Amino acid sequence: MPYEGASILHADLDAFYASVEQHLDPTLRGRPIAVGGNVVLAASYEARACGVHSGMPGWRAKLLCPDLRFVGGHFREYQRLGDAVIEVLRDFTPWVERVSIDEAFLDVAGSVHLFGAPAAIAATIRGRVRDELGLPVSVGVATTKHLAKVASQVAKPDGIVVVDRGAERAFLDPLPVELIWGVGAATRERLHGAGIRTVGELAASSPSTLQRLLGTAIGTKLGFLAANEDQRSVEGGRRAKSMGAQAALGRRAVSRTLLWSTFAFVADRVAPRLRAARRAGRTVTVRVRFVGMRSVTRSITLPWPVSTTTTITEVAVGLAQAALADHPGEREVTLLALSVSNLVDESSLQLELPVLDDDPHRPGTEAGSARWAVDRAVDTVRERFGRAAVGYAPVVFREDGGVPDEFRELAEADARDAPPPDAR
DNA sequence: TCTGGGGTCCTAGGACCC
DNA sequence: TCTGGGGTCCTAGGACCC
């Protein structure tokens, strides 16, 4: 007989990067610390108490919190410990859906006969993660994923919240609307403008009101979540729909050299990942950010999927030049970003017959094949000797002020396809 | 002395096809 | 001569999440 109680767990490590730093260096415990430098990547709870949060410019964080200590960032440790936590979770069920480096859903309905009630499993998980890995983790237990996620947020820091079947409305109704997944600053302000501040008020609002306020899709979804009618199940890996990279530049005058060197650098982060995943994409999107956070995007959907570094670089530069041409007043850029989407499997490419024209962007042409061969060679050398062993000529972009490679790798891993569930 | 890096999903208008 | 309704794809922008 299947377990009828609340069996979905959401486990969420508290202030993950900062907690790892405090674990590695005991002198940092109990103190306000931030991982990062120019920008706060993570803040300890002591730092959050003075209003410091991730994404905040470092100088402002220091202003808010004069005692704030910036620490370097042991990015490889974050990956290792994040993986280790997931392994602990897998000891209780194969039904683990990893959401990000520090967060996962579990369905333990099939595990209660082995490990006890879900609330007991949650407590055991918290104890093991604390004892074996030295990290605080909060866990929400509920009947649905969304509710479990809300519960873990309420449980933070270092707590556990169980929402039993039947207790859902009493739990949700008094909570502020921004605890609903998908309600950020903009949506919260719109809801407040309509006098809706709590989840209960949201759930009591008519679908037409919400749709008028927020648009059809979001209005419908939010109504659903507030009414607790979300029934998504815990599932395994989903394939990535896009892959991208970006480079913050400080403040740089626009030039051909800047565009070519930056996009060569950025494409050299994206294209190898596409090839490693045996995928290629038809749509290339570029974002150019100007001073003051004003930004524009330009995209193009090509007739064929691309994954070669040189081709992606060329398409990106062309798009950026078009974007800049539309904004002749902007002479300085602060960030260049690139994303490849509309992804297809490489296997579908290999079915294409070789074609006779000589477009180097096109797979199957002589020039296109040459690019492909160069990339394969570079990928192979790097597999054996590391990233730095070989590169592409125009990559002279300097990462001064940029974020370390290890952080990029961490973020990439975060977005990588998770393995499918062990059983189905 | 104003902001990292990697993603997902939605909207709205226009092109194009049948 | 002037015209419907439905569908798909593409592009640009924005909100949101970790």
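What you see is a predicted model, and the numbers here were worked out from it, not measured in a lab.
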- Minimum-distance nucleotide to A:Arg282 side chain [options: B:dG6, C:dC18, C:dC10]: C:dC10
- Note on the structure: Contact check, residues 201-215 of chain A vs DNA chain C, heavy-atom distance under 4.0 Å, returns none
- Message: Can you identify which nucleotide, out of C:dC18, B:dT11, B:dT8, has its nearest atom closest to the A:Ala217 side chain?
- Response: B:dT11
- Note every stem involving DNA chain C: at least three consecutive Watson-Crick or G-U wobble pairs, i with j then i+1 with j-1, with both distances under 3.5 Å. B:5-18 with C:5-18
- Charged N to carboxylate O under 4.0 angstrom, A:Asp405 versus A:Arg269? yes
- Could you state the CG-C1' distance from A:Leu302 to C:dC10, rounded to the nearest angstrom? 12 Å
- Can you check side-chain hydrogen bond (donor to acceptor under 3.5 Å, both in side chains) on A:Arg31 and A:Ser44, steps first, answer last? CA-CA 8 Å; A:Arg31 298 192 46 184; A:Ser44 70; over 6 Å; no
- Message: If the cut-off is 4.0 Å, is A:Arg251 near the phosphate of B:dC2, judged by side-chain N/O to OP1 or OP2?
- Response: no
- Task: Mind listing the residues from residues 141-158 of chain A sitting with a heavy atom below 4.0 Å of DNA chain B? Number order is fine.
- Result: none
- Message: Quick check for you: to the nearest 0.5 Å, what is the distance between A:Asp102 atom CG and A:Leu135 atom CG?
- Response: 10.5 Å
- Message: Counting the atoms with a prime plus P, OP1 and OP2 as sugar-phosphate, which does A:Gly244 contact under 4.0 Å by heavy atoms, base, sugar-phosphate, or nothing?
- Response: sugar-phosphate
- Task: Could you tell me which residues satisfy side chain to side chain donor-acceptor pair (under 3.5 Å) with A:Arg169, sequence neighbours excluded, listed by chain and number?
- Result: A:Asp173
- Message: Quick check on B:dC2: syn or anti? Syn means the glycosidic torsion is within 90 degrees of zero.
- Response: syn
- Message: Give me the distance, rounded to whole Å, that separates C:dC17 from B:dG4 when you measure between the C1' atoms they each carry.
- Response: 15 Å
- Note on the structure: Out of B:dG6, B:dG5, B:dT8, minimum distance to the side chain of A:Ala248 belongs to B:dG5
- Whole angstrom is fine here: how far is it from CG in A:Asp12 over to C1' in C:dC18? 9 Å
- Task: Could you please name the option among C:dC10, C:dT11, C:dG13 that lies closest to any side-chain atom of A:Ile300?
- Result: C:dT11
- Message: Which nucleotide wins on minimum distance to the side chain of A:Ser100, given the candidates C:dC18, B:dT8, B:dG6?
- Response: C:dC18
- Message: Holding to side chain to side chain donor-acceptor pair (under 3.5 Å), I want the full list of residues that pass it with A:Arg382, two or more places apart in sequence or in another chain.
- Response: A:Asp268
- Message: Under 4.0 Å, counting only non-hydrogen atoms across every strand here, what does A:Phe407 touch: a base, just sugar-phosphate, or nothing?
- Response: base
- Any chance the side chains of A:Arg289 and A:Thr334 put a donor and an acceptor closer than 3.5 Å? yes
- State plainly whether the residues A:Asp375 and A:Arg275 are in salt-bridge range, i.e. N to O under 4.0 Å. yes
- Message: Less than 6.0 angstrom from the centroid, inside 45 degrees of the normal: does A:Arg294 satisfy that with respect to the ring of A:Phe290?
- Response: no
- What is the distance from CG of A:Asp405 to C1' of B:dG4, rounded to the nearest Å? 14 Å
- Task: Would you classify A:Val291 as touching base, sugar-phosphate or nothing, given that sugar-phosphate means primed atoms plus P, OP1 and OP2, and contacts are heavy atoms under 4.0 Å?
- Result: nothing
- Task: Take the protein atom CG of A:Asn38 and the nucleotide atom P of B:dG5, then report the distance between them rounded to whole Å.
- Result: 10 Å
- Query: Should A:Thr297 be listed as having a side-chain N or O under 4.0 Å from OP1 or OP2 of C:dG13?
  - Reply: yes
- Which class fits the ring pair A:Phe75 and A:Tyr17: parallel under 30°, tilted 30 to 60°, perpendicular over 60°? perpendicular
- Using the test salt bridge (charged side-chain N to carboxylate O under 4.0 Å, His left out), find all partners of A:Arg130 that sit at least two apart in sequence or belong to another chain. A:Asp158
- salt bridge (charged side-chain N to carboxylate O under 4.0 Å, His left out) filter on A:Glu103, not counting sequence neighbours, yields A:Lys149
- Task: Mind checking A:Thr216 for me? I need base, sugar-phosphate or nothing, with any heavy atom below 4.0 Å counting as a touch.
- Result: sugar-phosphate
- Is any side-chain N or O of A:Arg289 closer than 4.0 Å to OP1 or OP2 of B:dG4? yes
- Item | Distance in angstrom units between A:Phe265 CZ and B:dG5 P, rounded | 9 Å
- Could you list by number each residue of residues 319-330 of chain A showing a heavy-atom separation from DNA chain B of less than 4.0 Å, or answer none if no residue does? none
- Could you list the residues that satisfy side chain to side chain donor-acceptor pair (under 3.5 Å) with A:Gln211, not counting sequence neighbours? A:Thr220
- Close approaches to DNA chain C from residues 180-191 of chain A, in residue order (heavy atom, under 4.0 Å): A:Trp181, A:Gly182, A:Val183, A:Gly184, A:Ala185, A:Ala186, A:Thr187
- Query: Can a side chain N or O of A:Arg298 be found less than 4.0 Å away from OP1 or OP2 on C:dA12?
  - Reply: yes
- Which is it for A:Glu406 and A:Arg76 under the salt bridge (charged side-chain N to carboxylate O under 4.0 Å, His left out) test, yes or no, and what are the steps along the way? CA-CA 7 Å; A:Glu406 291 76 18; A:Arg76 303 210 195 275; 3.4 Å; yes
- For residues A:Ser206 and A:Thr209, is any side-chain donor paired with an opposing acceptor at under 3.5 Å? yes
- Message: Which residues pass the salt bridge (charged side-chain N to carboxylate O under 4.0 Å, His left out) test with A:Glu46, not counting sequence neighbours?
- Response: none
- Let me know the distance between CG of A:Leu222 and P of B:dC10, rounded to the nearest Å. 13 Å
- NA contact type, A:Arg269, heavy-atom cut-off 4.0 Å: base, sugar-phosphate, or nothing? nothing
- Between A:Leu179 (CG) and C:dC18 (C1'), how many Å, whole number? 16 Å
- Query: For A:Met293, which contact category applies under a 4.0 Å heavy-atom criterion: base, sugar-phosphate, or nothing?
  - Reply: base
- Message: Let me spell it out: for each of A:Ile218 and A:Trp59, pick the nucleotide of DNA chain B with the closest heavy atom. Which residue's pick is nearer the 5' end?
- Response: A:Trp59
- Note on the structure: Rounded to whole Å, the NZ-C1' distance (A:Lys221 to B:dC9) equals 7 Å
- Task: Identify, with sequence neighbours excluded, every residue that meets salt bridge (charged side-chain N to carboxylate O under 4.0 Å, His left out) alongside A:Arg69.
- Result: none
- Item | Ion pair A:Asp379/A:Arg384, N-O distance below 4.0 Å | no
- Query: Do we see a donor-acceptor contact under 3.5 Å between the side chains of A:Asp12 and A:Ser138?
  - Reply: no
- Is the shortest distance from a Lys or Arg side-chain nitrogen in A:Arg197 or A:Glu178 to a carboxylate oxygen in the other one below 4.0 Å? no
- Message: Under 4.0 Å from OP1 or OP2 of B:dT1: is there any side-chain N or O of A:Arg60 that close?
- Response: no
- Query: What's the closest nucleotide to the A:Ala245 side chain, out of C:dC18, B:dT8, B:dG6?
  - Reply: B:dG6
- Message: With a cut-off of less than 4.0 Å, is there a side-chain N or O of A:Thr283 near OP1 or OP2 of C:dT11?
- Response: no
- Please determine if a side-chain N or O atom of A:Ser299 lies less than 4.0 Å away from the OP1 or OP2 oxygen of C:dC10. no
